[in-house]
Amino acid sequence: QKEVEQNSGPLSVPEGAIASLNCTYSDRGSQSFFWYRQYSGKSPELIMFIYSNGDKEDGRFTAQLNKASQYVSLLIRDSQPSDSATYLCASGGGADGLTFGKGTHLIIQP
Amino acid sequence: GAVVSQHPSWVICKSGTSVKIECRSLDFQATTMFWYRQFPKQSLMLMATSNEGSKATYEQGVEKDKFLINHASLTLSTLTVTSAHPEDSSFYICSARLNTEAFFGQGTRLTVV
């Protein structure tokens, strides 16, 4: 059974600081990893995806993947109150649907 | 990014009735679409994979006779919740993949009373 684990939080971070979100996965065969942001009552929106070991940066966001440790993380620099949301980590690829973690509730304190 | 449109965004129905939810890919063709369900404070759980022109593939524990999926064209998949019960009340979300990215519809909040 494929599983994706996340700390549910809430994770509270001061505005302007770096928010660090972590995720582990059980399926060593997983190739693709995704971070989604979900506001309450809304559908998830894609922030980043990563396939290769190492870091991938996009604006204020950096995704990190370590396949040996089966670990994925998302860093949010210069956190803003609008970043407050639930962040979902997901794995999957090809013709398969995504396996989601339960999400981490992030609160950015003004 | 690509647009996936889901309709309706919310629906309230009586117990025992059926509800149809539509998922459309507006600017691309999707041979495969995915249906997820999300209960409050839970993550998205894949219910089924909808394949254009063939039968849907259901995840373990999802009743195929209760959740009817039809993918009649490359841009439309429908999910019909038959004989809905209060425990079916949930947030239903569809998704379609374009290249490496999965795009989600707006979601449908189903409340069965």
Side-chain angles (χ1 to χ4, degrees), chain A residues 1-10 21-27 30-52 56 58-59 61 63 65 72 85-107, chain B residues 1-10 21 23 30-52 54 56-62 69 71 77 79 89-111:
Chain A
Q1 177 117 4
K2 299 177 183 178
E3 291 185 347
V4 175
E5 299 288 340
Q6 292 180 259
N7 189 319
S8 62
L21 304 162
N22 305 313
C23 168
T24 59
Y25 59 95
S26 64
D27 182 12
S30 294
Q31 297 293 317
S32 312
F33 303 90
F34 305 82
W35 282 101
Y36 287 86
R37 177 174 60 198
Q38 186 177 29
Y39 294 110
S40 181
K42 301 295 185 181
S43 200
E45 51 182 329
L46 181 67
I47 297 175
M48 291 187 71
F49 59 87
I50 186 168
Y51 305 131
S52 304
K56 180 181 179 182
D58 184 1
F61 300 95
L65 173 61
V72 191
T86 296
Y87 288 79
L88 302 171
C89 174
S91 69
D96 296 332
L98 296 175
T99 300
F100 284 87
K102 290 187 176 181
T104 298
H105 183 43
L106 176 65
I107 299 172
Chain B
V3 178
V4 175
S5 178
Q6 192 173 336
H7 178 81
S9 56
W10 61 271
I21 302 170
C23 181
T31 55
T32 303
M33 291 186 178
F34 304 94
W35 287 95
Y36 296 84
R37 179 169 53 183
Q38 186 177 35
F39 291 106
K41 299 192 183 301
Q42 299 294 315
S43 192
L44 281 75
M45 295 298 294
L46 179 65
M47 297 176 66
T49 301
S50 172
N51 303 297
E52 188 269 336
S54 65
T57 305
Y58 290 82
E59 296 299 302
Q60 190 174 6
V62 178
I69 291 174
H71 195 151
S77 175
L79 169 68
S89 298
S90 187
F91 192 45
Y92 292 85
I93 310 173
C94 71
S95 170
R97 293 187 81 113
L98 177 61
N99 299 322
T100 56
E101 296 185 39
F103 296 92
F104 286 85
Q106 304 94 319
T108 298
R109 176 75 58 191
L110 170 63
T111 302

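Every chain is numbered from 1 and lettered A, B, ... according to where its sequence line falls, protein lines coming before strand lines.
For B:Gln6, no part lies under 4.5 angstrom from a heavy atom of chain A. Neither the backbone nor the side chain of A:Gln6 comes within less than 4.5 Å of any heavy atom of chain B. For B:Leu44, the parts sitting under 4.5 Å from any heavy atom of chain A are the backbone and the side chain alike.
Residue A:Leu98 holds its CG atom at 8.5 Å from CG of B:Leu46, rounded to the nearest 0.5 Å. Atoms NZ and OG, on B:Lys41 and A:Ser8 in that order, are 10.0 Å from each other to the nearest 0.5 Å. Annotation: the span from A:Lys42 atom NZ to B:Arg109 atom CZ amounts to 10.5 Å, rounded to 0.5 Å.
Under the ring pair (Phe, Tyr, Trp, His ring centres under 6.0 Å) criterion, A:Phe61 pairs with no residue at all, not counting sequence neighbours.
Between chain B and the options A:Gly103, A:Ala90, A:Gly101, A:Ser43, heavy-atom pairs under 4.5 Å are most frequent for A:Ser43. Annotation: maximal heavy-atom pairing with chain B below 4.5 Å, among A:Ser40, A:Pro44, A:Gly41, occurs at A:Pro44.
None of B:Tyr36, B:Phe103, B:Phe104 except one satisfies the ring pair (Phe, Tyr, Trp, His ring centres under 6.0 Å) rule with A:Tyr36; the exception is B:Phe104.
Within a 6.0 Å radius of CE in A:Met48, more than 12 heavy atoms belonging to other residues, nucleotides or ligands are found.
Between B:Phe34 and A:Gly97 the shortest heavy-atom distance is CE2-N, 3.1 Å.
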